[in-house]
Structure formats: C-alpha cells, structure tokens
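Just so you know, these numbers come straight off a predicted model, no measurement behind them. Worth knowing before you read on, the calculation uses all heavy atoms, side chains too, and leaves out hydrogens, waters and symmetry mates.
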Amino acid sequence: MTKVSELREFGMDSGGFVDTEAAVAVGMDPKSLSRMALRGRLTRELQGIYRFPEVPVDETTEYRLALLWAGPQAVIDSESVLVLLGLCDVNPRELHVAVPPGVRVRRKGKEHYRLHRGKFDVEYHRGLPMVSVHQAISRALDHGLRHELARQAIRTASRRDLILDSEALELHRHYEIGGTGI
C-alpha cells in the first residue's frame, strides 16, 4: 500500500480530511500535502488541513473541519451541539468548539469558529466528540441562549433520554428559565 493510499484511507475515516499530523503518521513529508493540492488531488481547507474532494460532504463535514482546526483534544460545544443533535431551533453565527484549559490552538483563526476553554464531559455523536448535552445547554445559556430555545432544547433532550430529569430540573432552577421542561 502506498503512502498516498494510506493517507486516503485515513481521510476516509475522518470525512475526507487530513492534516500534516496524518501525513507524518503515514510516513509522508507534510509538504507533500500542498503539492497534492496543487495537482488537484487534495483541496486546501485551512492552514495545514486538506480534504480529498471525492469524499462526499455530509452534515458532519463542517464540524469535522472545526475539530481539526482546534486540535486533537477539541470537542463540539454549546449551541453547536444543540444544532448537531437537532434539540432546538437555534441558528448560531459561529461553530462553537472547546478545548481543555492550557491547550493552545496553533492554527490561524477561522472567522466563524468560536473557541471556548474549560473542563467538560465528552460524549460522541456520529464519531464526533462533543460536550455532554447537559453541559451544552448550560454553556449555551452562559453564552446568551434565549430561554425559550433552552426550554425547547431541554424538552427535546428529555424526551429523547439525552439528559436525566434531575439535570433538566437543575437547568431550569439554576438559570431561572421557568417551567420544568419534563
């Protein structure tokens, strides 16, 4: 198997995305990614992040790119989790990602990403790491989520057993958003 084939296989497992770390992992010179992009075998997405254009785009593509941008310990955060899971009718202007305290994001910024730092519990949806649903609602409220959207998210999450009744009650009480939602 050639190094390019190994890289493509890696990309197939990550929505078509590869970065310089993936190139090193398969024994390629990271500079070869830019050469592959010049020949049309890859598309440059962000600094150090490329994508195999033949891999179909789906609803997780933009999330995967944001996670690669933020680094290996990144998770989807806040309102973006609510959108990803379809919990409420929120339409954030930015894609929210979080990293643990002390983790540096070295790539240049992308204007529609919002980076948060903090401790979080990690859950997975379609292979994407994200903060827990309870934390996502709480963090979204901390970032200014309207109470009616929070009530909708809590109600939907409770109905789909994504949060416990005690977590729903705690969110209602802590944020004084009214109702019980369950």
Side-chain angles (χ1 to χ4, degrees), residues 1-133 135-136 139-140 143 145 162:
M1 180 179 277
T2 68
K3 291 179 183 180
V4 172
S5 297
E6 286 182 58
L7 186 66
R8 179 175 279 107
E9 194 171 299
F10 182 89
M12 297 304 277
D13 292 336
S14 59
F17 291 106
V18 292
D19 60 7
T20 53
E21 293 166 7
V24 170
V26 299
M28 290 178 73
D29 178 1
K31 293 177 185 175
S32 62
L33 296 177
S34 59
R35 289 191 296 271
M36 290 175 69
L38 286 173
R39 290 189 298 251
R41 296 179 79 185
L42 290 173
T43 303
R44 184 179 186 274
E45 298 289 337
L46 294 172
Q47 176 189 354
I49 302 173
Y50 298 83
R51 188 169 187 286
F52 284 98
E54 65 271 14
V55 177
V57 172
D58 66 17
E59 64 275 0
T60 66
T61 300
E62 195 63 31
Y63 295 98
R64 291 181 191 285
L65 180 58
L67 290 169
L68 277 171
W69 170 79
Q73 296 181 54
V75 296
I76 305 300
D77 190 24
S78 189
E79 293 175 357
S80 297
V81 172
L82 306 183
V83 172
L84 179 65
L85 298 176
L87 297 180
C88 66
D89 296 326
V90 68
N91 187 15
R93 294 181 185 182
E94 302 163 307
L95 201 153
H96 296 260
V97 291
V99 294
V103 171
R104 288 186 54 192
V105 175
R106 297 174 191 262
R107 291 196 169 96
K108 292 182 181 169
K110 177 113 168 138
E111 63 279 355
H112 67 278
Y113 293 161
R114 183 162 179 200
L115 182 67
H116 304 283
R117 297 180 188 283
K119 296 181 180 181
F120 42 79
D121 297 323
V122 180
E123 295 179 357
Y124 291 86
H125 176 73
R126 296 195 59 190
L128 297 172
M130 62 182 200
V131 300
S132 71
V133 172
Q135 286 177 322
R139 292 162 74 95
H143 301 142
L145 181 69
L162 297 174

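- Within the structure, every pair that satisfies the side chain to side chain donor-acceptor pair (under 3.5 Å) test and touches residues 87-99, not counting sequence neighbours, is listed here: D89-Q152, H96-H116.
- F17 has its side chain out of reach of L67: every pair of non-hydrogen atoms, C-beta onward, lies at least 4.5 Å apart.
- Using a distance-only test at 3.5 Å, with no hydrogens or angles considered, a donor-acceptor pair links the side chain of K3 to the main chain of G27.
- Residues V4 and R41 are in side-chain contact: their nearest non-hydrogen atoms beyond the backbone lie under 4.5 Å apart.
- For the pair M12/E9, no side-chain contact is recorded, criterion being any heavy-atom separation below 4.5 Å from C-beta on.
- No side-chain heavy atom of L46 sits under 4.5 Å from any side-chain heavy atom of D19.
- For the pair R51 (side chain) and G15 (backbone), a donor-acceptor distance under 3.5 Å is present.
- Side-chain contact check for V81 versus E123: every heavy-atom pair is 4.5 Å or farther apart.
- A 4.5 Å side-chain heavy-atom check between D77 and H143 finds at least one atom pair inside the cut-off.
- In this structure a side-chain-to-backbone donor-acceptor pair under 3.5 Å is missing from T60 to Y63.
- The minimum heavy-atom distance between A70 and L115, with the atom names listed, is CB-CD1, 4.4 Å.
- Counting heavy atoms from C-beta on, the side chains of S80 and V97 never come closer than 4.5 Å.
- Annotation: side chain of E45 is in contact with side chain of T43 (closest heavy-atom distance under 4.5 Å).
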